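Both backbone and side-chain heavy atoms feed into the values below; hydrogens, waters and symmetry mates do not. Every chain is numbered from 1 and lettered A, B, ... according to where its sequence line falls, protein lines coming before strand lines. Remember, predicted model here, so these are calculated numbers, not experimental data.
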Number of protein chains: 2
Amino acid sequence: MTPSPAAARPPARAATIYEVARLAGVSHQTVSRFMADRSKLKASTSEKVERAMAELNYSPNLTARSLRTKAAYRVLALVPGSSPYFPSRMLNGAAAAAREAGYHLDVVALEGAGPERTERLRGILDGGPFAGALSFVPISGTDLLQAQERIPVVVAGEYDDKMRGRGRISDGSAAQAIVEHLAALGHRRIAHIAGPQEWPAARNRLAVYRKAVHDAGLEDCGVAEAEWSAASGYTAAQTLLANPSFTAVFAANDHLAIGAIRALHDHGLRVPADISVVGWDDHPESAFLVPSLTTVHMDLEAQGSRAMEQLIAALNPGNTPPPEPGPTGMRLVLRESSGPAPKHGQAD
Amino acid sequence: MTPSPAAARPPARAATIYEVARLAGVSHQTVSRFMADRSKLKASTSEKVERAMAELNYSPNLTARSLRTKAAYRVLALVPGSSPYFPSRMLNGAAAAAREAGYHLDVVALEGAGPERTERLRGILDGGPFAGALSFVPISGTDLLQAQERIPVVVAGEYDDKMRGRGRISDGSAAQAIVEHLAALGHRRIAHIAGPQEWPAARNRLAVYRKAVHDAGLEDCGVAEAEWSAASGYTAAQTLLANPSFTAVFAANDHLAIGAIRALHDHGLRVPADISVVGWDDHPESAFLVPSLTTVHMDLEAQGSRAMEQLIAALNPGNTPPPEPGPTGMRLVLRESSGPAPKHGQAD
DNA sequence: CACAATTATGTGATCGATAACATGAGGCGT
DNA sequence: ACGCCTCATGTTATCGATCACATAATTGTG
């Protein structure tokens with residue numbers, strides 16, 4: 001309950017504006033003004049302050065500043081705690097964007113579910129002050145509203161009401177490209193291994209998959225929901241193989257695809273000769289697998305920084321228009337794991 | 001220069017100790033004492049304060065507290081910015097341990113090299129206050145000393161002078177198990193794909209590899225240094241294949257192993273029939289590759305939390321003994337990518 | 001029961017910055 | 001030369017907590 005962190009070794013006491021002021025022969029407020037907008041000072045004064053700052057190696061105490069101004073210099077990034085499948089590159093992108101805008105980034109794992117999750121989220125927000133929060137994990141509607149009461153919250157991959165239609169379609173749009181690609185290779189019967197449906201990205205991919213299969217006049221041979229992991233992909237593929245009428249599998253990410261390929265392998269099926277497999281995310285190692293993975297390349301750093309820019313735009317209303325929340329540099333990458341549909345249906 | 005984050009929507013003004021005090025009919029200091037150690041208050045007073053806090057939904061302003069006490073409630077985690085190969089599970093472990101101890105965790109990417117890196121590090125520390133820092137990236141000796149002047153810094157995988165001998169050996173100790181495993185399979189000529197040598201882990205694995213090869217009376221057929229990526233592993237393996245006298249490759253992590261296997265594949269060599277490959281880290285998908293990867297399982301969460309506990313121990317001297325910085329749950333996992341050495345030397 | 005020792009609570013100062021207001025110096029028109 | 005306005009700067013209050021000290025309430029003891 002009571003936090004007990006201690007200031008161990010006092011870090012070589014830093015100079016304050018008062019010391020700078022005394023050394024420069026001005027008042028502390030002048031020093032404060034120097035930091036806010038030096039152009040408002042007489043050139044000679046400005047110089048004196050600058051010299052004093054340099055000499056004392058001054059850097060402002062953000063804690064004090066924040067106490068007075070109530071402005072927060074930190075934004076919160078919520079990441080999955082248990083899932084090792086979170087693309088840290090998204091986080092890197094977000095961190096860079098935050099830094100760029102002068103914010104610090106606190107990364108906190110949000111775990112649990114239900115009321116426990118709600119409570120954890122509250123605890124995290126209490127730990128603030130935060131200027132805003134960017135979540136890479138799904139947040140339930142009520143939790144989101146509750147959090148929004150305190151600070152602006154952006155959920156990456158989720159779009160506000162205005163953007164919803166476009167956002168949803170464009171985020172999953174590559175799923176259409178995948179289906180068309182498979183159709184062009186002669187596949188008529190396709191199955192999908194979907195990600196956890198509380199994730200917007202997983203929902204989008206599934207929705208677009210369904211629509212595209214229908215539009216192309218293909219047959220949907222089943223959707224298996226899975227976690228984001230290879231192990232889960234393996235299991236899901238086994239489930240689908242109970243009724244193996246398809247010649248191609250579209251997995252919602254590369255990990256799932258790896259698990260699926262292994263399951264097919266264990267089932268005596270060759271990829272892509274017997275069954276094609278397509279993934280999503282283009283992990284750096286996907287190009288080096290045997291067979292290398294046909295997948296959707298994503299610029300994850302860019303997605304992360306976009307999401308952060310969206311949040312920052314929400315923090316400084318009127319300053320800058322929020323960036324389009326759409327997809328960023330998505331493209332289908334054709335590799336070995338997808339090939340022509342087998343001539344005589346599937347060898348079983 | 002001047003940071004310009006703004007407090008957008010004022011977050012529904014939070015209650016202060018003064019308001020709690022007034023509602024409870026006590027002084028603000030009593031409220032403060034309640035938080036510090038409620039047992040010092042009369043039971044009746046304590047109850048009044050508790051009720052008032054609950055009613056006002058009070059949570060303390062950490063900024064103000066921190067300004068007064070100078071205690072920092074945040075610790076810094078330095079992660080690689082550019083490398084997507086950083087195991088985020090280590091970060092999760094560290095974050096959990098920090099949270100457990102009542103600290104918040106700021107995750108910041110440390111990029112660049114040389115003087116630029118030094119400057120960035122300084123800038124990050126200025127952004128504090130931080131109670132301490134945990135680095136998952138290599139830090140040069142001078143930079144480390146400079147940072148240590150301000151706050152305690154622990155570099156994960158690096159050990160202080162007392163621990164050095166033991167730490168180095170134990171961190172890389174599984175390398176010995178690998179070499180012995182390969183020797184038992186009849187391999188006499190081995191090559192190593194090493195990680196970037198500025199990383200302690202990479203150095204440790206290489207050092208133990210060299211020693212183990214020598215001790216087992218095997219032949220070291222070359223060491224290729226690489227980045228941590230699959231692409232780099234591919235290139236390194238190609239280099240090694242210029243003089244293909246070995247029958248087994250030990251890669252410093254699973255990504256490198258994946259790249260190496262692909263290079264062997266492209267070279268017309270089968271794994272493990274012609275050449276065995278062993279990785280390190282046991283990524284969750286390594287068990288599902290074809291062939292599945294013989295590798296060293298690591299409890300990365302535990303490593304991360306251990307490192308954080310080490311830091312926290314340094315922050316609260318005398319409180320708790322720092323945990324052993326040694327290996328955590330490391331074990332060799334035998335899978336398909338390693339097998340008996342080919343009978344008649346290597347097929348080329 | 002009185003008086004000291006102890007415990008519980010209140011009052012004012014403080015951390016280091018910015019906000020709000022006050023003051024002094026200079027410029028300029030009449 | 002006077003007053004008014006502007007600009008540069010100084011003085012004091014303030015953010016929300018804890019610290020240091022003062023004082024009131026309680027306990028123990030002969």
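- In this structure, the side chain of A:Ser32 does not engage the main chain of A:His28 through any donor-acceptor pair within 3.5 Å.
- Within the model, atoms CG of A:Leu67 and CZ of B:Arg68 stand 12.5 Å from one another, a figure rounded to the nearest 0.5 Å.
- Per the geometry, CG belonging to B:Asn61 stands 18 Å off P belonging to C:dC15, to the nearest Å.
- No donor-acceptor pair closer than 3.5 Å links the side chain of B:Glu47 to the backbone N or O of B:Ser44.
- To the nearest angstrom, C1' of C:dC15 lies 16 Å from CG of B:Leu62.
- Distance, B:Arg22 CZ to D:dG16 C1': 15 Å, rounded to whole Å.
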Residues B:Leu134, B:Gln310; criterion side-chain contact (heavy atoms from CB on, under 4.5 Å); working and verdict:
CA-CA 9 Å; B:Leu134 175 58; B:Gln310 235 181 305; over 6 Å; no
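- Between the axis at the start and the axis at the end of the helix from C:dC1-D:dG30 to C:dT30-D:dA1 there is an angle of 40°, using five pairs per end and rounding to 10 degrees.
- We find that CG of A:Leu67 is positioned 12 Å from P of D:dT18, with the value rounded to whole Å.
- One can place CE of A:Met35 at 13 Å from P of C:dG16, the figure rounded to the nearest angstrom.
- Rounded to whole Å, atom P of D:dC19 lies 13 Å from atom CG of B:Asp37.
- Between A:Leu144 atom CG and A:Ile139 atom CD1 the span is 6.0 Å, to the nearest 0.5 Å.
- The nucleotide whose nearest atom lies closest to any side-chain atom of A:Ile17 is, among D:dA17, C:dA17, D:dG16, C:dA17.
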Output one letter per nucleotide in nucleotides 6-11 of chain C: B when a protein non-hydrogen atom lies under 4.0 Å from the base, S when only the sugar-phosphate is that close, - when neither is.
--SBBB
Using the salt bridge (Lys or Arg N to Asp or Glu O under 4.0 Å) rule, take B:Glu55 and B:Arg51 through it: C-alpha gap first, then chi angles, then the decisive distance, then the call.
CA-CA 6 Å; B:Glu55 179 164 343; B:Arg51 264 200 299 277; over 6 Å; no
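- Atom CZ of A:Phe34 is separated from atom OG1 of A:Thr45 by 10.5 Å, given to the nearest 0.5 angstrom.
- Counted within 6.0 Å of CZ on B:Arg22, heavy atoms from surrounding residues, nucleotides or ligands total 12 or fewer; the atom is thus considered open.
- The nucleotide whose nearest atom lies closest to any side-chain atom of A:Tyr58 is, among C:dT18, C:dA17, D:dG16, C:dA17.
- A donor-acceptor contact under 3.5 Å is formed by the side chain of A:Arg68 with the base of D:dT14.
- Distance OH (A:Tyr18) to C1' (D:dT9): 15 Å, rounded to an integer number of Å.
- When the side chain to side chain donor-acceptor pair (under 3.5 Å) test is applied to B:Ser66, no partner is found at least two apart in sequence or on another chain.
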